[in-house]
Amino acid sequence: MEPVSFSSKSSVLKVTFLALISPVFVSGSHFRGGIITWRPEINIPPPQGTFPTVLFDYRVAFRNSYGPQHFCDQTTIDSDTINAGQGFLKCDNGCTSLNDDFDYKCTDFSVVGDWTTGVGKSQLTPTSNVFEVFYEGNAWIPLANGGNGEWILRSRVDLTPRSDNGLLNSSPTTSNMPIVRIPLNCSSRFLIPVTDPDGDVVRCRYAEAVGNECGAICGELSATLDEATCILEWTPAKTGLFGVAIQIEDFVNAFSTVPLSSIPLQFLFEVFESDGSCADAPVFDPAVLSGESCIAVPSGQTFTTRIEAIVSHPSRRIVEINTVSPVGLTTTSVQQVPGSDVAYFIDVLFTSSTKMQQQEIFCFVAEDSGRLTSEQRCVFLVTATAPPTPLGAIIDGNNLITITIDRIIRRPDMSRFIRIVSAGAQQPIFTFDSTSASDVIFPVSGTSVEIQLPSGLPAGDTYQVSLDRGAIETNDFCGVENEPTALTIAETACSSRAITATATGPLSNVYWASPAIDKLFSSNFLPGDMFHPGVTKVVYRIEDDIVCTFSVIVEDTTPPEIEFCNDNLIVKLNDENMYAAVEWPVPTVTDTEGGLVTLQSTSSPGDRFYEGRSVVEYNFFDTFNNVASCRFNVDILGSLDKTPPEITNCRDSTVLFYFNEIRDRYEVILPTPSAVDDSGFPVSVSSTYNSRGGLGIGWTDVTYTFTDQNSNVATCQFPVVIVKNNTQQVVRFQDCPSDLTVNASDSNNSIEVFWMEPTLTGLDGRVTLRQSHFPGDVFEIGSTKVTYVVEKYGNAQDVCQFNVEVKDISSPLILNCPQSKKVVSCRGSRTVNWREPVAIDNSNVPPDVFQSHYPRMSLFQHGTTTVSYTFRDGCGNIARCSFNITHHKGSCLVITVYLWIIFLIILLIIIIVYICTLVAFCSTSEKRKDKKNRSSTNPLVDNVEIETLD
């Protein structure tokens with residue numbers, strides 16, 4: 001056998017020992033946050049069975065002084081240096097092929113704050129529609145709410161075609177300063193900048209540990225987060241650095257609760273003690289771009305602006321105006337405004353070099369020499385697009401001014417003003433807030449805005465309409481703002497503000513009376529021209545001045561025409577399958593007006609369908625919201641269905657019919673039961689009664705049989721009695737019992753019921769007695785009719801009927817109601833697990849349960865919360881179970897100390913094992929050496945080979 005070397009074992013032990021302790025010494029405290037967003041390369045769904053390429057954009061921030069891989073200065077930015085970064089962008093929960101280096105190009109840095117931030121890109125062609133990507137590493141700077149543990153950013157991707165337009169979704173985008181400074185005990189209101197390329201509803205929430213979204217900073221702040229507006233409000237009560245982990249999600253509409261995607265935003269709040277008051281922070285000059293402004297930057301053109309900040313006192317100065325910028329944006333160094341001892345500025349230049357329309361986010365914060373900071377402002381820069389441009393303004397005889405724009409516009413969100421100005425005096429006569437003034441009328445979807453003046457303009461002067469930046473905005477992207485503009489107001493020559501016609505096809509002729517213009521004019525349309533459905537502006541000009549403008553509205557009231565809609569589909573499951581992937585051709589439509597048709601559907605070809613019936617619905621909308629619908633069923637027949645149909649309206653008592661005339665058979669109309677199957681398929685029905693054959697006099701049992709698609713059978717049976725009226729009847733019941741009421745026992749849903757049976761009078765000869773029940777029979781909860789019929793010579797003589805009602809007065813019996821429990825956590829809220837109670841009922845039907853909280857799902861704040869369960873049976877009897885969850889506030893520091901103690905104990909055990917192994921090795925080696933020396937001196941064993949068994 002091969003000799004065993006102890007030295008090899010000890011070297012392996014050394015490697016294991018070093019591997020266990022090395023992470024403690026190589027991790028740093030250098031991470032400052034990041035973002036991961038995504039979008040499909042093309043938003044059109046690919047062919048069935050293939051998947052689109054997904055493009056990822058990320059921003060990451062580190063400590064600038066940590067090392068050369070994260071260092072950044074202006075030279076680094078100007079040279080387009082790629083920083084090596086740290087770690088990898090990886091794929092999870094749906095794909096495995098992504099493992100890209102997390103390199104990034106530095107865009108901004110702060111000398112005072114000692115941070116650097118930059119952007120990078122990656123891409124992936126996945127193998128499924130739903131998956132996640134993440135970036136993790138170690139470590140955060142030591143934090144007041146999470147230690148200095150690992151970071152993880154997680155983004156969720158869903159490439160399923162959207163339900164509203166059939167296209168692929170793109171995630172929201174955001175940006176932020178790596179470190180946001182807040183003075184101690186000062187109220188702060190912080191807006192997270194978000195925008196969505198699809199125009200979706202965007203919400204923000206705290207990241208959760210349960211989804212592995214936040215690493216070491218999963219503890220919520222005491223800050224209040226408004227999820228709908230993405231605003232954080234906080235008055236911090238202690239100093240330190242606080243990690244903030246937010247997930248930003250988009251939704252198809254305001255009512256949806258299922259996010260289309262989820263992206264991370266992580267950064268730091270730095271709370272510090274200020275040497276001044278909360279009001280001493282620097283502020284931006286009113287002329288500076290307001291937060292959430294949306295600026296167009298056409299391709300090849302340069303956007304420039306000046307950011308001017310003002311300190312609260314001449315003894316202070318602005319030391320930095322920190323920025324988080326898109327690639328290509330440059331700024332000058334901070335300079336003092338000439339002639340001012342409190343104002344400082346930087347100039348910003350951004351050139352749009354791309355031909356792709358994208359929304360970039362630019363954020364900036366001013367910091368003074370006392371390290372007080374201004375509010376963070378973020379603006380959106382839309383590349384490769386132009387701002388909306390006013391073309392002209394006219395006023396009619398009703399003092400209505402119409403401003404024509406070259407784009408479809410909407411009302412702005414932020415307060416902006418439109419002024420009517422005297423050209424001679426250069427003084428505003430009327431001022432309107434375009435955000436809220438009712439006299440400023442914006443179209444639902446149009447290219448003009450109307451202003452109703454409260455009175456006419458004085459004669460003898462020329463007037464202009466002046467629009468602030470952002471007084472109008474487009475209805476796409478983030479709402480691109482207009483540039484500041486002034487237009488001369490001309491009197492209109494129009495006789496009408498709008499011409500309406502009904503579409504007759506893709507193009508329709510529209511006629512109107514030409515305006516009375518006595519000079520040479522030009523117009524973009526003439527009477528009789530062809531117009532597409534929708535709203536089109538007609539503009540008449542004399543030279544460059546607009547003298548008449550009105551709308552031609554061609555209304556489309558015809559829905560799209562469906563050319564093909566599927567028939568109902570039936571699919572049989574195999575024994576081993578729980579579902580079937582069903583394919584079908586997509587219905588096709590045409591629009592007679594030639595417009596764009598948008599598809600919405602409840603399911604797509606290839607979707608999974610489980611046993612039962614599903615309805616697939618396609619809705620086709622044209623641009624005027626006329627809708628055409630196509631519906632068909634997908635029926636899945638399963639071998640797992642062992643449940644018979646459920647019968648309703650089954651008669652639980654005897655059906656009696658009385659006839660005067662004598663016949664052999666009587667045709668009667670019976671109460672017909674019905675049945676439904678849980679599969680959703682129709683059931684077949686058969687009956688032992690044939691209305692054409694009729695029934696004979698006396699007692700007949702009638703049976704209805706219901707059979708589902710999988711041959712499961714349910715039956716309904718009840719007696720039918722035909723009685724022939726006869727004045728010579730002599731056999732009668734007497735002492736027919738009255739209705740009986742009894743209570744069911746606590747443990748059973750039935751009970752034996754006894755009664756005194758009726759007696760017969762007028763007996764003369766042989767009679768036949770039929771009865772549905774007997775004294776001592778078992779009756780279940782509910783009402784049951786008992787019937788006695790006496791027959792003589794085949795003719796029913798008399799009938800006795802009464803009801804037996806069994807009442808359920810017992811409440812459900814609760815099993816294992818939990819005891820109250822206490823938990824300790826340093827987080828503001830946490831989930832708690834418990835074994836849920838169950839209840840049984842004497843009816844053998846599980847009672848309904850209503851509960852206030854859910855284990856492992858509901859969040860419990862610090863304090864005591866009562867958890868309640870209410871069980872209700874079908875008769876309204878109620879039982880309740882309640883217990884308390886007490887959430888005590890613990891110290892995260894204590895938990896960290898416990899973890900370090902456990903780690904040191906494990907480390908000590910490893911060292912002891914290592915030393916013991918080393919001592920044992922040395923002792924064994926000495927024994928072998930001594931044994932060898934002794935054997936070599938013994939002449940009797942010189943020729944004997946000694947083998948050591950290990």
Side-chain angles (χ1 to χ4, degrees), residues 40 42-50 52 159-169 198-200 252-253 255-256 408 443-447 475-476 498-512 525 527-538 551-571 581-607 609 613-636 680 682:
I42 300 174
N43 68 346
I44 299 174
Q48 186 72 28
T50 63
L159 299 173
T160 305
R162 296 169 57 103
S163 61
D164 55 347
N165 58 19
L167 301 177
L168 302 184
N169 185 56
D198 304 303
D200 293 326
V252 70
N253 56 48
F255 306 102
S256 176
I408 296 177
V444 175
S445 177
T447 58
N475 68 343
D476 53 3
I499 304 296
T500 303
T502 301
T504 58
L507 289 170
S508 304
N509 295 98
V510 180
Y511 298 88
W512 64 87
F525 291 95
D529 280 354
M530 305 285 283
F531 289 83
H532 290 283
V535 180
T536 306
K537 275 292 179 182
V538 176
S551 299
V552 171
I553 305 171
V554 179
E555 297 178 339
D556 175 11
T557 59
T558 306
E561 181 179 344
I562 297 179
E563 295 181 324
F564 163 76
C565 185
N566 293 281
D567 295 328
N568 294 332
L569 304 175
I570 299 178
V571 178
V582 183
E583 299 281 352
W584 63 82
V586 176
T588 56
V589 297
T590 57
D591 189 54
T592 55
E593 278 67 41
L596 176 66
V597 176
T598 302
L599 164 66
Q600 292 183 6
S601 65
T602 57
S603 302
S604 300
D607 282 356
F609 290 84
R613 167 167 291 178
S614 301
V615 178
V616 177
E617 180 173 351
Y618 280 82
N619 291 316
F620 299 91
F621 297 86
D622 63 16
T623 53
F624 293 85
N625 278 332
N626 299 308
V627 61
S629 299
C630 161
R631 298 179 185 85
F632 56 92
N633 298 330
V634 177
D635 292 331
I636 304 299

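Treat the numbers as computed from the prediction; the structure is a model and nothing was measured. Index from 1, following the sequence.
In this structure, the side chains of Leu569 and Asn633 stay at 4.5 Å or more apart for every pair of heavy atoms. Using a 4.5 Å heavy-atom threshold, the side chains of Asn169 and Asp200 count as touching. Using a 4.5 Å heavy-atom threshold, the side chains of Val627 and Pro559 count as separate. Between Val554 and Thr502, the closest side-chain pair of non-hydrogen atoms is not below 4.5 Å. Looking at Asn566 and Pro585, their side chains come closer than 4.5 Å, going by heavy atoms from C-beta outward. The shortest side-chain heavy-atom distance between Tyr618 and Leu599 falls under the 4.5 Å cut-off.
A donor-acceptor distance shorter than 3.5 angstrom exists from the side chain of Ser601 to the backbone of Ser603, with no hydrogens or angles considered. For Gln600 (side chain) and Asp164 (main-chain N/O), a donor-acceptor pair under 3.5 Å exists by modelled atom type. Judged by distance alone, the side chain of Thr50 and the main-chain N or O of Pro46 form no donor-acceptor pair under 3.5 Å. Between the Ser629 side chain and the Asn619 main chain, no donor and acceptor come within less than 3.5 Å of each other.
When the shell of 6.0 Å around CD of Glu561 is examined, it contains 12 or fewer heavy atoms from other residues, nucleotides or ligands. Dense packing is recorded around CG of Asn253, with more than 12 heavy atoms of other residues, nucleotides or ligands lying under 6.0 Å away.
Between the CZ atom of Phe609 and the CG atom of Asp635 there is a distance of 10.5 Å, given to the nearest 0.5 Å. Within the model, atoms CD1 of Ile553 and OG1 of Thr500 stand 4.5 Å from one another, a figure rounded to the nearest 0.5 Å. Between Ile499 atom CD1 and Thr536 atom OG1 the span is 12.5 Å, to the nearest 0.5 Å. Interatomic distance, Cys630 SG to Glu563 CD, rounded to the nearest 0.5 Å: 12.5 Å. Remark: Phe624 CZ to Asp591 CG distance equals 9.0 Å, nearest 0.5 Å.
Ring geometry for Phe531 versus Trp512: interplanar angle over 60°, hence perpendicular rather than tilted (30 to 60°).
Not counting sequence neighbours, the partners of Asp198 by the salt bridge (charged side-chain N to carboxylate O under 4.0 Å, His left out) test are Arg162.
Scanning both residues, Pro161 and Gly166, for their nearest heavy atoms gives CB-O, 3.6 Å. The heavy-atom pair separating Phe564 from Val586 by the smallest distance is CD2-O, 4.1 Å.
Between the side chains of Thr598 and Asn165, no donor-acceptor pair of N or O atoms lies under 3.5 Å.
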